[in-house]
There are 2 protein chains.
Amino acid sequence: MGKVTLQDVAKAAGVSTATASWAINDNKNVRIPENTRRKVRNVAERLGYHSNAFARSLARGKSDLIGFISDGVATSPFAGRVIQGAQDEAWRNGKILLVVDTDGNATIERKAFSFMLEHQVEGIIYSSWVHRAITPPDELERTTSVLVNCFDESGRFPAVVPNEVQGGQSATELLLQAGHRRVAFVNEPTASPASVGRLEGYRQALAAHGLAYDPAMVVDATADQEGGYGAADAVLKTGATAVFCHNDRTAMGLYDALRERGLRVPDDLSIVGFDNQEVISAHLHPALTTVGLPQYDLGVLGVRSLLTLDKAPDVDYDGNETDRVEDSKPHCFEPLLVNCPSVMRDSIRTYRG
Amino acid sequence: MGKVTLQDVAKAAGVSTATASWAINDNKNVRIPENTRRKVRNVAERLGYHSNAFARSLARGKSDLIGFISDGVATSPFAGRVIQGAQDEAWRNGKILLVVDTDGNATIERKAFSFMLEHQVEGIIYSSWVHRAITPPDELERTTSVLVNCFDESGRFPAVVPNEVQGGQSATELLLQAGHRRVAFVNEPTASPASVGRLEGYRQALAAHGLAYDPAMVVDATADQEGGYGAADAVLKTGATAVFCHNDRTAMGLYDALRERGLRVPDDLSIVGFDNQEVISAHLHPALTTVGLPQYDLGVLGVRSLLTLDKAPDVDYDGNETDRVEDSKPHCFEPLLVNCPSVMRDSIRTYRG
DNA sequence: GTGAAAGCGCTAACAT
DNA sequence: ATGTTAGCGCTTTCAC
């Protein structure tokens, strides 16, 4: 019952523990004859041998573990996919993820760090539920770390975040492409990477089509159903034929309000959302065209960055390797921007004149 | 950099490693004077010492790790709370959770088991995204395991599942309590713990109010928005004044269809949902009264069961401890039913005559 | 190609 | 009360 050791296997197979170890681990430095190898493996199988990860890591001095700390992704309705992506990519590299959700609790976070450090993680992915700037906890310095869906303004750590500007661009573009010229934007009033990024994207899209940016066309609303619901009149007053909503929830609220006024989507108003929060967007009537957040990719790229960082020696400007010097000028990392994909559904109608 | 060992600390503090170990771990068997203890701890702090979990576990022979395998909870829009509950409860007991989401992939699952076994987990929580009967993988036998949100019909493993019957009961009761007498039930047509359980609860509630069960009052619909949307006419035809929907998504679809017919909730029809999928239920117009799934509790009780199981010696019918005999008759576990809480919002209207 | 043996960092007897 | 030391199970030189 889990008590079978390598020694047991070696003994039963009539070889030394060293040989057994090599036979099982496909060691490259030593060439074990195929038949010894097979024999050892069979014995191991028969005995129900499972290597003891602790002993292995202790001996090797490394763990194959990657820490993943989040402030609530696991509970968030859609961001579990970040973890999924991270897990998949970790697995692909023979690593596995140690996930702790701190739920934003500082005590838990403290403990989580200790835990990860004690478990010799090869690095830590620190992720936020909502895309935002953070001041990274000092513990992150103790190991290689990368930020996911959040970033450090001082660039001390590499970060992977969604490209909000491109996302806002794409969303607006969808409407413009369909011929609309009066496009409103229901945006979240509080400043955040999402609100400022998407607004910027909206403006860029307009500009690209030779349209002037009119502040009167952007209406403030909290980023949820209630916000969208309450924004209906303001939107209507702009005389827009199409609206880009800050997110799918906002769009859902707007749908409701519109329906109450006897207006129909997309006949009376074309709508595009953001987030591609499936439970909502895929099932509204009509289904909502939207722009998705690249959660899965965020996770994948997070661990990928971590892994490459880990290997990469410091390199000087001529491309020569340099020794890492304690007090050398620290890297200043530029966040890696991940594109937000458009998801076409049925809430946009072609507009002619 | 993470290279500080207990020995280093001991040396720096001028004590033996044993003393250092005791000083740091609050060992109960040995009484270390306050000042030595403090000294050791200060040195540890100063040196940035972090105990090596692998060495510790190796030496102790146990890991403080609990495995959590899920077939997709992490991605599911709402079941991350199961993990959260499990994690919290684990933490409360000084254990931590090793989470792997297999996404239903058998290969990953196989690997996940190996991984957990190798990491000497003290037990495994095996959980399903949707409440269902499963045939548990044999690997579960290799350690103490408990099933969460799923169960083994043969009762080989303890299981923790939502009480669907009580949930269906409560949902119906909410409507009955409000005076409704013609209550329809939009149910999922495929047999599942949820569909049969909730139907049973519906019938019990009716019976408790002296109402006859009329099969004509239950209409089939897939458990999503489209199902609810399409069920509207059938529901209306029953002449019901209130409907219990299989879940919130169904309710959302029904809302849409009703609105298109100029009908209003709850004035023309009272509705109660199921799942309390917040993104939807809390933000519909009007907000949906529903019955929640006890996800968090499922997680908590899952690890709690695991932990108590682990300690509990086998006990015979007289309550005497007995040695665990390999081929003794296995326990037959009855699933632990966790209640589903009602969530009152605005979709029910009192009905008078 | 294979075995012997020295650790990896920590805990827990056992000594003192 | 504190130090010594023998492992925990595995990897990995280093001999043979």
Side-chain angles (χ1 to χ4, degrees), chain A residues 1-40 43-44 47-65 94 114-115 117-122, chain B residues 1-41 43-44 47-65 94 114-115 117-121:
Chain A
M1 217 48 169
K3 292 258 125 224
V4 193
T5 76
L6 221 211
Q7 304 235 29
D8 298 336
V9 176
K11 201 166 299 172
V15 299
S16 73
T17 49
T19 308
S21 171
W22 290 324
I24 286 179
N25 298 317
D26 282 324
N27 192 302
K28 295 123 199 284
N29 304 326
V30 183
R31 284 163 31 128
I32 302 275
E34 194 43 39
N35 54 344
T36 356
R37 246 195 41 180
R38 219 197 294 286
K39 184 173 59 181
V40 173
V43 174
L47 264 42
Y49 169 73
H50 272 275
S51 119
N52 181 324
F54 296 144
R56 179 168 9 101
S57 298
L58 219 211
R60 278 219 276 250
K62 55 183 302 243
S63 66
D64 293 334
L65 256 28
S114 289
F115 178 79
L117 259 17
E118 289 180 4
H119 283 260
Q120 322 293 311
V121 293
E122 298 182 4
Chain B
M1 213 53 165
K3 292 257 125 226
V4 193
T5 75
L6 222 210
Q7 304 235 29
D8 298 336
V9 175
K11 202 166 300 172
V15 298
S16 72
T17 49
T19 308
S21 170
W22 289 326
I24 286 179
N25 298 316
D26 281 324
N27 191 302
K28 295 123 199 291
N29 304 326
V30 184
R31 284 164 29 128
I32 303 276
E34 234 338 279
N35 52 345
T36 356
R37 244 194 43 180
R38 219 196 294 285
K39 185 173 57 182
V40 173
R41 293 201 164 188
V43 174
L47 265 42
Y49 168 72
H50 272 276
S51 117
N52 182 323
F54 295 144
R56 179 169 8 102
S57 299
L58 219 212
R60 277 219 278 249
K62 57 183 301 241
S63 66
D64 292 334
L65 256 30
S114 288
F115 178 79
L117 259 18
E118 288 180 4
H119 282 261
Q120 322 292 312
V121 293

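Naming convention: chains lettered A, B, ... in sequence-line order (proteins, then strands); numbering from 1 in each chain. Just so it is clear, the model here is predicted, and its values are computed rather than measured.
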Given atom [atom1] of [X] and atom [atom2] of [N], what is their separation to the nearest angstrom?
X	N	atom1	atom2	result
His50(B)	dC10(C)	NE2	C1'	16 Å
Gln7(B)	dC8(C)	CD	P	9 Å
His119(A)	dC8(C)	NE2	P	21 Å
Asn25(B)	dA13(C)	CG	C1'	16 Å
Phe54(A)	dG7(C)	CZ	C1'	19 Å
Lys62(B)	dG9(D)	NZ	P	16 Å
Arg60(A)	dT13(D)	CZ	P	12 Å
Asp64(A)	dT11(D)	CG	C1'	13 Å

Of the listed nucleotides [options], the one nearest the side chain of [X]:
X	options	answer
Ser21(B)	dT11(C), dG7(C), dG9(C)	dT11(C)
Leu58(A)	dT11(D), dG9(C), dC10(C)	dG9(C)
Thr17(B)	dT2(C), dT12(D), dT11(C)	dT11(C)
Trp22(B)	dA12(C), dC10(C), dA1(D)	dA12(C)
Ser16(B)	dC10(D), dC14(D), dT2(D)	dT2(D)
Thr19(A)	dT11(C), dG3(C), dT12(D)	dG3(C)
Asn52(B)	dT2(D), dG9(C), dC10(D)	dG9(C)
Tyr49(B)	dG3(D), dC10(C), dC10(D)	dC10(C)
Ala59(B)	dT11(C), dT11(D), dC10(D)	dT11(C)
Ala18(B)	dA5(C), dT4(D), dG3(C)	dT4(D)

Over all heavy atoms of both residues, which pair between [X] and [Y] is shortest? Give the atoms and the distance, please.
X	Y	answer
Glu122(A)	Asp64(A)	OE2-N, 2.9 Å
Thr36(A)	Val15(A)	CG2-CG1, 4.3 Å
Tyr49(A)	Val4(A)	CD1-O, 3.3 Å

### Task
Could you tell me whether Thr36(B) contacts a base, only the sugar-phosphate backbone, or nothing, with contacts defined as non-hydrogen atoms closer than 4.0 Å?
sugar-phosphate
### Query
Which is true for Ser51(B) with a 4.0 Å heavy-atom rule: it touches a base, it touches only sugar-phosphate, or it touches nothing?
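Sugar-phosphate: the residue Ser51(B), judged by heavy atoms under 4.0 Å, touches backbone atoms but no base.
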Would you tabulate the side-chain donor-acceptor contacts of residues 53-62 of chain A under 3.5 Å, counting partners in other chains and residues two or more places apart, or write 'none'?
| unit_1 | atom_1 | unit_2 | atom_2 | d |
| --- | --- | --- | --- | --- |
| Arg56(A) | NE | Ser51(A) | OG | 3.2 |
| Arg56(A) | NH2 | Ser51(A) | OG | 2.7 |
| Arg56(A) | NH2 | Glu118(B) | OE1 | 2.9 |
| Ser57(A) | OG | Ala53(A) | O | 2.9 |
| Ser57(A) | OG | Lys62(A) | O | 3.3 |

### Pair Asn52(B)-Gln120(A), side chain to side chain contact (heavy atoms under 4.5 Å, CB included): steps then yes or no
CA-CA 7 Å; Asn52(B) 182 323; Gln120(A) 322 293 311; 3.5 Å; yes
